[in-house]
**Q** 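Once you've had a glance at the structure underneath, I'll fire off some questions.
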Amino acid sequence: MKTKTLISAALAAVLLTGCAGASTQSTASAATASAQTQSSYANSCLDCGFDTVFSLRVYDVSQDEFNTSYQEAADLFTYYNNLFDIYNNYDGLNNLKTINDNAGIAPVKVDPVVIELLQKAKEFYDLSGGEFDITQGALLSVWHKYREEGMTANENGSYGKVPPESELQEAATHHGWDAVEIDEENSTVYITDPDVSLDVGGIAKGFATEKIAAKLAEDGTKTAAVNAGGNVRTLGIKSDGTPWRIGIQNPSGSGSLFVIDSNTEGSFVTSGDYERAYTADDGVTYSHIIDPKTLFPATYYHSVSIITRDSGTADCLSTTLFTMDYDEGVQLINDYKAAHPDETLEVVWIMDKDKAPDDAEYKKDVGSYTVVYTAGLDGAINWIE
């Protein structure tokens, strides 16, 4: 992935907490300039994994303590990238590519965290009635091929191609959890159908972010923010009394459209059509989030942002809601809340004005877009106009 795309992905949700810079002590940003300052250290890397920028900011620690936390977090991010990779092999590591390569051949022994990831994905498959389906690797691989070629073509001043519908239809027949056998006792995964493969792009980065946040907390970190290419996970409450402030990207790419304030720890994850997109020779720009109903990239919204505690959950939900119309999405939200009554869940949809639902109680026109949001965010959004 090119640097331009990396930076775009990182801006999908920008944490507005302090001055930029690697491992430097910082003060409050202009967005919180009226509050007292709070010391923190931050660092980031472009090549830790998942084709995105990884960064960590920790508050009220020494430089040495921060350096230790950052290195462990970055190493974990790389490990999870390798573990959930479906394109590359790594010496001595059985990963998702190993599982896919052995489809119809033999079970593969894996790190138990792989099974944990797959089980969480299955939970959201069931919850969404099959809308979130990581077993559609065959279909997604077709789009991946055309998208990569298309992005390269666009960078060279030409257009990409659209996959033939016959190719998409054929690939779409090869999926299903009935072809995936998970043996927790022996820590193995076996795909019984050689034409079925797994693609965890809609959950892996958020899942990894949540595991890193849990490790930081286990090691004693009180207040921190992990940002994995726009998947933001905050830890604890800032001691200076200022809220966490998350900027949600303007789909046009020109900074943040609005900022969300939060006084609790949690996750902020955005899925948008401005990431990993290409323009084809039919004049249409195709994003990377595929609607399983149409077999083409979803076009309901420009972005969907989820605010909830668990980053893996937020990743699954942002991907799933992006492929559902507004009424379907509201139903899924209600179903999730009914199944998890103790969890907070808020959602923001950004869409073209002509696609705004008439029955949405909380919405606002901002520039050329309509922003629709759930009730719990009323009063927590700072509009940038």
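What you see below is based on every heavy atom in this structure, not just the backbone, and it leaves out hydrogens, waters and symmetry mates. Counting from 1, the numbers follow the sequence of the chain as shown.
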**Q** Using a 4.5 Å cut-off on heavy atoms from C-beta on, say whether the side chain of K238 contacts that of W244.
**A**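 Side-chain contact under 4.5 Å: yes.
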**Q** Membership question, hydrophobic clusters at under 4.5 Å side-chain separation (ILVMFWY): are V113 and Y90 in the same one?
**A**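 Yes, it is one cluster - the side chains of Y90 and V113 are joined through contacts under 4.5 Å.
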**Q** Does any non-hydrogen side-chain atom of F124 lie less than 4.5 Å from one of Y336?
**A**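 Y336 vs F124: side chains touch.
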**Q** Give the C-alpha distance, both sets of side-chain angles, the deciding distance and a yes or no for side-chain contact (heavy atoms from CB on, under 4.5 Å) between L83 and N94.
**A** CA-CA 7 Å; L83 203 58; N94 285 343; over 6 Å; no
**Q** Apply side-chain contact (heavy atoms from CB on, under 4.5 Å) to Y59 and K222, showing your working.
**A** CA-CA 8 Å; Y59 294 79; K222 301 299 183 184; over 6 Å; no
**Q** Between I134 and A121, which heavy-atom pair has the shortest distance, and what is it?
**A**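 Residues I134 and A121, closest heavy atoms: CD1-CB, 3.6 Å.
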**Q** Are more than 12 heavy atoms from other residues, nucleotides or ligands located less than 6.0 Å from atom NZ of K363?
**A**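 More than 12 heavy atoms, drawn from other residues, nucleotides or ligands, come within 6.0 Å of this atom.
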**Q** Using a 4.5 Å cut-off on heavy atoms from C-beta on, say whether the side chain of L377 contacts that of I260.
**A**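 Counting from C-beta outward, I260 and L377 do come under 4.5 Å.
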**Q** Hey, is the main chain of S256 close enough, under 3.5 Å, to the side chain of N250 for a donor-acceptor pair?
**A**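 Not confirmed, N250 side chain does not pair with S256 backbone.
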**Q** Does any part of the side chain of S262, heavy atoms only, come nearer than 4.5 Å to the side chain of F268, both counted from C-beta?
**A**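 Yes. Closest side-chain heavy atoms under 4.5 Å.
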**Q** Compare all side-chain heavy atoms of P164 with those of Y146 and state whether any distance is below 4.5 angstrom.
**A**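 Yes, side chains in contact.
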**Q** With salt bridge (Lys or Arg N to Asp or Glu O under 4.0 Å) as the criterion, how do E149 and K145 come out once you've worked through the C-alpha distance, each side chain's angles and the decisive distance to 0.1 Å?
**A** CA-CA 6 Å; E149 292 175 352; K145 174 181 179 293; 3.3 Å; yes
**Q** Are Y373 and W349 close enough that their ring centres sit under 6.0 Å apart?
**A**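 No: the rings miss the under 6.0 Å criterion.
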**Q** Please walk me through it: do L216 and L56 pass side-chain contact (heavy atoms from CB on, under 4.5 Å)?
**A** CA-CA 11 Å; L216 289 168; L56 174 67; 3.8 Å; yes
**Q** Under 3.5 Å, side chain of S44 to main-chain N/O of S55, donor-acceptor pair present?
**A**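 The answer is no, because no donor-acceptor pair under 3.5 Å joins these two groups.
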**Q** Decide whether D75 and Q71 meet the rule of one side-chain donor and one side-chain acceptor closer than 3.5 Å.
**A**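 The criterion, which ignores hydrogens and geometry beyond distance, is satisfied for Q71 and D75.
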**Q** For residues V371 and M351, determine if any side-chain heavy atom of one lies less than 4.5 Å from a side-chain heavy atom of the other.
**A**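 No. Closest side-chain heavy atoms not under 4.5 Å.
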**Q** Could you check whether atom CZ of F296 has more than 12 heavy atoms from other residues, nucleotides or ligands sitting under 6.0 Å from it?
**A**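 Yes, the 6.0 Å shell around CZ holds more than 12 heavy atoms from other groups.
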**Q** Indicate yes or no for a side-chain donor-acceptor contact from D111 to the backbone of V114 under 3.5 Å, with no hydrogens or angles considered.
**A**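 Judged by distance alone, no pair lies under 3.5 Å.
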**Q** Say whether N95 and T98, considering side chains only, have a donor N or O and an acceptor N or O under 3.5 Å apart.
**A**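 N95 vs T98: donor-acceptor pair found between side chains.
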**Q** Do D133 and H175 have a side chain donor and acceptor closer than 3.5 Å?
**A**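 Per modelled atom types, D133 and H175 side chains form a pair under 3.5 Å.
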**Q** Backbone N or O of G312 within a donor-acceptor pair of the K120 side chain at under 3.5 Å?
**A**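 No, K120 side chain to G312 backbone: no donor-acceptor pair under 3.5 Å.
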**Q** So which atom in E328 and which in M324 form the shortest heavy-atom distance, rounded to 0.1 Å?
**A**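 What the structure gives for the nearest pair is OE1-CA, 3.5 Å.
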**Q** Please step through salt bridge (Lys or Arg N to Asp or Glu O under 4.0 Å) for the pair K97 and D85, ending with a clear verdict.
**A** CA-CA 6 Å; K97 184 176 186 299; D85 195 337; over 6 Å; no
**Q** Side chains of T370 and D365 only: does a donor on one sit below 3.5 Å from an acceptor on the other?
**A**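 Distance-only check passes for T370 and D365.
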**Q** How about Y300 and F322: are their ring centroids closer than 6.0 Å?
**A**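 Aromatic pair excluded; centres sit 6.0 Å or further apart.
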**Q** Salt bridge (Lys or Arg N to Asp or Glu O under 4.0 Å), that's the test. Do K337 and E343 meet it? Break it down for me.
**A** CA-CA 7 Å; K337 288 182 174 180; E343 295 184 20; over 6 Å; no
**Q** Same hydrophobic cluster for Y125 and L118, using side-chain heavy-atom links shorter than 4.5 Å among ILVMFWY?
**A**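 Same cluster.
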**Q** Are a donor atom and an acceptor atom from the side chains of T242 and D240 found within less than 3.5 Å of each other?
**A**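 Yes.
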**Q** Can you check salt bridge (Lys or Arg N to Asp or Glu O under 4.0 Å) on R233 and E210, steps first, answer last?
**A** CA-CA 7 Å; R233 174 59 156 94; E210 187 64 28; 2.9 Å; yes
**Q** Do W143 and H288 come close enough that some side-chain heavy atom pair is under 4.5 Å?
**A**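 A side-chain contact under 4.5 Å is absent here.
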**Q** Between W383 and Y369, is a ring-ring contact (aromatic ring centres under 6.0 Å, His included) present by the stated rule, with each step listed?
**A** CA-CA 13 Å; W383 303 102; Y369 307 113; over 10 Å; no
**Q** Do E65 and T68 have a side chain donor and acceptor closer than 3.5 Å?
**A**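 No, T68 and E65 have no side-chain donor paired with an acceptor closer than 3.5 Å.
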**Q** Answer with yes or no whether the hydrophobic clustering places L127 together with I203; edges join I, L, V, M, F, W, Y residues whose side-chain heavy atoms lie under 4.5 Å apart.
**A**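 Cluster IDs for L127 and I203 match.
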**Q** Got a sec: does the NZ of K161 have more than 12 other heavy atoms crowding it under 6.0 Å?
**A**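 Atom NZ in K161 is not crowded, with 12 or fewer foreign heavy atoms closer than 6.0 Å.
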**Q** Is it the case that the side chain of T279 and the backbone of G283 share a donor-acceptor pair, with hydrogens and angles ignored and the cut-off at 3.5 Å?
**A**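 No, the answer is negative, given that no donor and acceptor are paired below the 3.5 Å cut-off.
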**Q** Within the supplied structure, the quantity of interest is the number of heavy atoms (other residues, nucleotides, ligands) at a distance under 6.0 Å from D91 CG; does it exceed 12?
**A**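 No, not enclosed.
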